[in-house]
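Below you'll find the structure, written out as structure tokens, and then a few comments.
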Amino acid sequence: MINKKGLTFIAILAVVLILGWFVYRALNRNETEVINDSNPKVHTLDVNTPPSLKVSDVPAKVPTQQHAEKVDENEARNFEIYDRLEKEWLEKVQTIIGAEKYPRYLEMRETSEKEKLLAYKEYHDYLRQKYGDKFSYNISEDQSVREKQINERYLNDLLKIIGPEKFKSYTEAKDRFNEDMRRKKTEAIQIEF
């Protein structure tokens, strides 16, 4: 038969093991990944979290060497496609707005991209302060509001520079160009400005 000292030892051992398990679990949690709304297991972080930021306990997938090589090849091909389409678009713009105003357009386009990048960086810094360094997220509609405002401001400035007639031709060409890319299912960024 087990005496009182033996029972006490077993009870203490059980408590230590259980507490150890909880401490281990608390210290070795899986990183959470912030993902978009397409996952049915998603729940909101808190009341003030933008609707596009959700947390899931699904661990991030680690790419294999073969996958990384395929991604590199796809990225290189996509950059080639993007460069070709970019040159095609810029030739159309120069034809529409004229050679004398084209350098101003290029300057505005570069400044616009810098402002959008700064807005993205500010939002990223905001999320890092709020959720720490270990987070990821997808840009969604509510996060790109500032980017759209920047784009609209530059389009309005372009309208003032080139006039309504050329601006109408410019926007029609831009819309047609983007629609052609969508129809071809081209993996390129849509022209915004």
### Task
Show your reasoning for whether side-chain contact (heavy atoms from CB on, under 4.5 Å) applies to Lys174 and Glu192.
CA-CA 8 Å; Lys174 178 174 65 83; Glu192 293 177 350; 6.0 Å; no
### Task
Inspect the contact between Lys114 and Glu110 and indicate whether a charged nitrogen and a carboxylate oxygen are less than 4.0 angstrom apart.
yes
### Query
Given the rule in the side-chain contact (heavy atoms from CB on, under 4.5 Å) test, do Ile161 and Phe167 qualify, once you have shown the distances and angles that lead to the verdict?
CA-CA 9 Å; Ile161 292 170; Phe167 185 77; over 6 Å; no
### Message
Under 6.0 Å between ring centres: does that hold for Trp89 and Tyr105?
### Response
no
### Query
If you measure from the Lys or Arg side-chain nitrogens to the Asp or Glu carboxylate oxygens, is any gap between Glu107 and Arg104 under 4.0 Å?
yes
### Query
Are Arg176 and Glu179 close enough for a salt bridge, meaning some N to O gap below 4.0 Å?
no
#### Entry: side-chain contact (heavy atoms from CB on, under 4.5 Å) assessment of Phe177 paired with Leu85
CA-CA 9 Å; Phe177 192 83; Leu85 291 170; 4.1 Å; yes
### Query
Is there a donor-acceptor contact under 3.5 Å linking the side chains of Tyr154 and Glu115?
yes
### Task
Output yes when a side-chain donor or acceptor of Asn178 lies under 3.5 Å from a complementary backbone atom of Ile191, and no otherwise.
yes
#### Entry: Contact summary for Ala173 and Ile96, nearest pair of heavy atoms
CB-CD1, 3.5 Å
### Query
Are Lys121 and Asp125 within salt-bridge range, i.e. N to O under 4.0 Å?
yes
#### Entry: Glu152 and Lys116 ion-paired at < 4.0 Å
no
### Sidechain N-carboxylate O distance under 4.0 Å for Glu80, Arg77
no
### Task
Give the intermediate values and the outcome of side-chain contact (heavy atoms from CB on, under 4.5 Å) for residues Tyr102 and Leu106.
CA-CA 6 Å; Tyr102 182 69; Leu106 291 176; 3.4 Å; yes
